[in-house]
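Here is the structure we will look at.
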Amino acid sequence: MKNKIVAAMFEKIADVLEFQGEIPFKVNAYRKAARVIGEMQEDIEDVWREGRLREIPGVGTALATKIEEYLTTGKMTKYEDVVSSVSADLIELLEIQNLGPKTAALANKKLGVENLNDLKRVIADGSLAKLPGMGEKKVENIQKGIELYERARARISIGVALPLVEELIAELKSRTQVKKIEAAGSTRRMRETVGDIDILVETDRGAEVIQAFVHLPNVTRILAAGDTKGSVIVGDRIQVDLRAVGKESYGAALQYFTGSKAHNVHLRGIARKNGLKINEYGVFRGEEKIGGEKEADVYHVLDLVWIPPEMREDRGEIELAAQNRLPHLIELKHIKGDLHVHSHWSDGKATIAALAIEARQRDYRYIAVCDHSKSAKYAHGLEEEQVLEKIEEIKQIQENVPDIKILSGAEVDILADGSLDYPDEILAQLDIVVAAIHQGFKQRATERMLAAMENPYVFILAHPTGRLISRREGYRLELEKVFQKAAETGTILEINSYYDRLDLSDVNARRAKEMGIKLSINSDTHELAQLDAMKLGVGVARRAWLEPEDVINTYSLEKLLKLRDEKRKGR
DNA sequence: GCCGTTTTCGGCCCGACTGTTTTCAGTCG
């Protein structure tokens, strides 16, 4: 698939054009096309062959010609022209906060700034501050931006952002009298990573609340503090923005600051066509305010049903909302069990009894204890005879916890030759077999997975792509083939809820659903508290538009085991 | 550069904050 490459080229063109002072609308046209193509499921080459490039939203005659040129010749003249006109170092400077295209261009033209070192130099010698429109404070802010940039401020995981948001909200509640307070932005949309954290608060004393916010104990730097907006750095690099609004605007502000940007731009376009205006204070017809206290107002005035935050990415949800055909998304309360947790038998910390009791407290009906297999030495994988011992222990523990079913399971390694780490005689005695690659990521990963799925005892394929969000790309995989085999054999694909995995991702999980594959959302717990990771997996599932029926651990135990037996018998 | 029940030309989401201005530009989200 060349989708990502084309998207990256358009993105780059947009960056350069912006730097060169091209009108923002043209820049945005490239950015929009880049986003749509980057997220598109269909192979852009297929779309092109079928003559449907122009049907891609945001692609008109000019961009279609450029895509065609690239797909035919492997080159895009516009891209090469644009990129060669400005050095890459210079474009990268736009990543620096408080330094935008105008200032970068000015510094380049007047002072010959070509890269980060040049920029530091003109700051140090004071020449940047002397340029027209510049001054000490502006330069100081750019300097701060450079410091942040050099700390390689990456996006943080949703698994880190959520607890931090909860802590900040609790602190703020204890220090001020706020009526409502909640996270907005990509945190609310449950994106797998979050750039900045956005928090929205309802109050009629905005300035006071903002002051309290920027002086919270964890705040290390204040970026801005006005009457309605405060912006700070928490710890050494996480930016948190707080917005304060009154009751009459809370819903509109929540909608606005939840985004995504693409979703909101689309909504505003519809509003304009209907003679309405939407902003963070409400919905307006001329001077008259016709909504904004409730978030749903914003959607209802446009004849749309309310759209769950996780779907707000402008990936077709607005069109569905107009027809009242939104999916009924899965919720945490639908989850009836966790099919991938580890106990102290391998590398987990908790006992099986503790896991069962803790799961019961979450209203689960079943839990599958899947410890590592013998080849996973680093994780104290179990030898065959230990597996049998563990099955016996589960039988005994089960007698003391009658109201939750403890399923004996294993997370079985898929070995280098595609065979499994236990013989079928052992697998047959387990209730749930989860298979996964843990070693030799780059060796024939696709073939090994296909072979593993052919085994009738392999019910679930765990963390199918193997990516670690903060650290590694994932197996070299032909995902389309893996999905086809899963659909063919009735193998379940996992959404692993561990914050650094979230694997399958939202986009991949949505593709799996479209191919008729069932999924399982599992916590991959290694200690009791990690059972709560389930909510992250559910977030991914909601972003993938999954409904309860798509996810097997919303099923009753009977229905779940029936599905497993169908795979065992062969379809 | 895209797009079309007001438009094939003239729009394109919109406001807060900051700093450098003396009425506004740049940046951000």
Side-chain angles (χ1 to χ4, degrees), chain A residues 10 13-14 17-19 21-36 53-67 78 82 93-107 129-142 144-145 148 184-187 194-200 206-207 210 214 222-232 239-245 249 252-253 255-284 298 302 314:
Chain A
F10 283 168
I13 291 172
L17 292 183
E18 184 170 39
F19 170 79
E22 185 57 88
I23 55 163
F25 308 111
K26 187 186 277 194
V27 175
N28 282 340
Y30 276 101
R31 286 208 205 287
K32 183 185 178 184
R35 183 182 65 79
V36 173
L53 282 178
R54 292 288 309 275
E55 290 173 24
I56 300 171
V59 175
T61 330
L63 292 189
T65 309
K66 292 181 176 70
I67 295 169
K78 173 80 172 181
V82 164
L93 293 183
L94 299 182
E95 299 288 314
I96 295 167
Q97 231 177 19
N98 303 318
L99 178 70
K102 292 285 197 295
T103 312
L106 189 70
K130 294 201 183 75
L131 292 181
M134 299 298 291
E136 290 299 331
K137 290 291 281 185
K138 276 197 172 180
V139 171
E140 197 179 312
N141 285 332
I142 293 170
K144 287 177 183 172
L148 267 184
S186 43
T187 309
V194 173
D196 301 334
I197 290 174
D198 290 297
I199 300 175
L200 182 68
I210 299 290
V214 300
I222 300 171
L223 300 174
D227 293 343
T228 66
K229 179 187 167 182
S231 187
V232 300
Q239 181 170 336
V240 185
D241 296 340
L242 182 78
R243 320 275 177 159
V245 297
S249 299
Q255 195 288 321
Y256 182 87
F257 292 116
T258 296
S260 68
K261 185 176 175 180
H263 175 90
N264 284 356
V265 167
H266 191 159
L267 280 190
R268 278 153 195 259
I270 295 174
R272 286 184 60 87
K273 280 178 202 152
N274 292 307
L276 302 172
K277 188 175 77 170
I278 303 174
N279 60 27
E280 56 263 57
Y281 299 108
V283 185
F284 300 87
V298 178
L302 302 179
D314 195 23

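In what follows, chains are A, B, ... by sequence order, proteins preceding strands, each numbered from 1. Computed from a prediction, not measured in an experiment: that's the story for all the values here.
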For atom [atom1], what is the distance between [N] and [M], given to the nearest Å?
N: B/dG10; M: B/dT18; atom1: C1'; result: 32 Å
N: B/dC3; M: B/dC13; atom1: P; result: 13 Å
N: B/dC14; M: B/dT7; atom1: C1'; result: 22 Å
N: B/dT8; M: B/dG4; atom1: P; result: 13 Å
N: B/dC12; M: B/dT6; atom1: P; result: 15 Å
N: B/dT27; M: B/dT20; atom1: P; result: 13 Å
N: B/dG15; M: B/dT22; atom1: C1'; result: 22 Å

Without decimals, in angstroms, what is the distance between [X] [atom1] and [N] [atom2]?
X: A/Glu95; N: B/dC28; atom1: CD; atom2: P; answer: 10 Å
X: A/Lys102; N: B/dC28; atom1: NZ; atom2: P; answer: 12 Å
X: A/Lys144; N: B/dC28; atom1: NZ; atom2: P; answer: 15 Å
X: A/Lys273; N: B/dT7; atom1: NZ; atom2: P; answer: 13 Å
X: A/Tyr30; N: B/dC3; atom1: OH; atom2: C1'; answer: 16 Å
X: A/Gln255; N: B/dG29; atom1: CD; atom2: P; answer: 18 Å
X: A/Glu55; N: B/dC3; atom1: CD; atom2: P; answer: 12 Å
X: A/Phe10; N: B/dG1; atom1: CZ; atom2: C1'; answer: 10 Å

Output all residues satisfying side-chain contact (heavy atoms from CB on, under 4.5 Å) with A/Arg272, sequence neighbours left out; order by chain, then residue number. none
side-chain contact (heavy atoms from CB on, under 4.5 Å) between A/Lys138 and A/Thr103, worked out: CA-CA 10 Å; A/Lys138 276 197 172 180; A/Thr103 312; 5.9 Å; no
Now, which nucleotide makes the Watson-Crick or G-U wobble pair with B/dG19, with each of the two distances under 3.5 Å? B/dC24
Note: A/Glu18-A/Arg31 ion pair, threshold 4.0 Å (strictly below): yes
N or O in side chain of A/Gln97 less than 4.0 angstrom from B/dG29 OP1/OP2: yes
Within the pair A/Thr103 and B/dT27, is there a side-chain N or O less than 4.0 Å away from OP1 or OP2? yes
Walking DNA chain B from its 5' end, the first of A/Pro101 and A/Lys66 to be reached, judged by nearest nucleotide, is A/Lys66
For A/Arg54 and A/Leu131, find the nucleotide of DNA chain B closest to each by heavy atoms; which residue's nucleotide sits nearer the 5' end? A/Arg54
Could you grab the distance from atom CG of A/Leu17 to atom CD1 of A/Ile23, nearest 0.5 Å is fine? 10.0 Å
Base, sugar-phosphate, or nothing for [X], non-hydrogen atoms under 4.0 angstrom?
X: A/Val59; result: sugar-phosphate
X: A/Thr61; result: sugar-phosphate
X: A/Pro24; result: nothing
X: A/Ile96; result: sugar-phosphate

Using the salt bridge (Lys or Arg N to Asp or Glu O under 4.0 Å) criterion, which residues pair with [X]? Sequence neighbours excluded.
X: A/Arg268; value: none
X: A/Glu95; value: none
X: A/Lys26; value: A/Glu22

Using only heavy-atom distances, determine whether the side chains of A/Asn264 and A/Gln255 contain a donor-acceptor pair under 3.5 Å. yes
Only counting residues at least two apart or in another chain, list the ones meeting ring-ring contact (aromatic ring centres under 6.0 Å, His included) with A/Phe10. A/Tyr30
If a protein heavy atom is under 4.0 Å from the base, mark B; if only from the sugar-phosphate, S; if neither, -; do that for nucleotides 12-20 of chain B going 5' to 3'. BBBSSSSSS
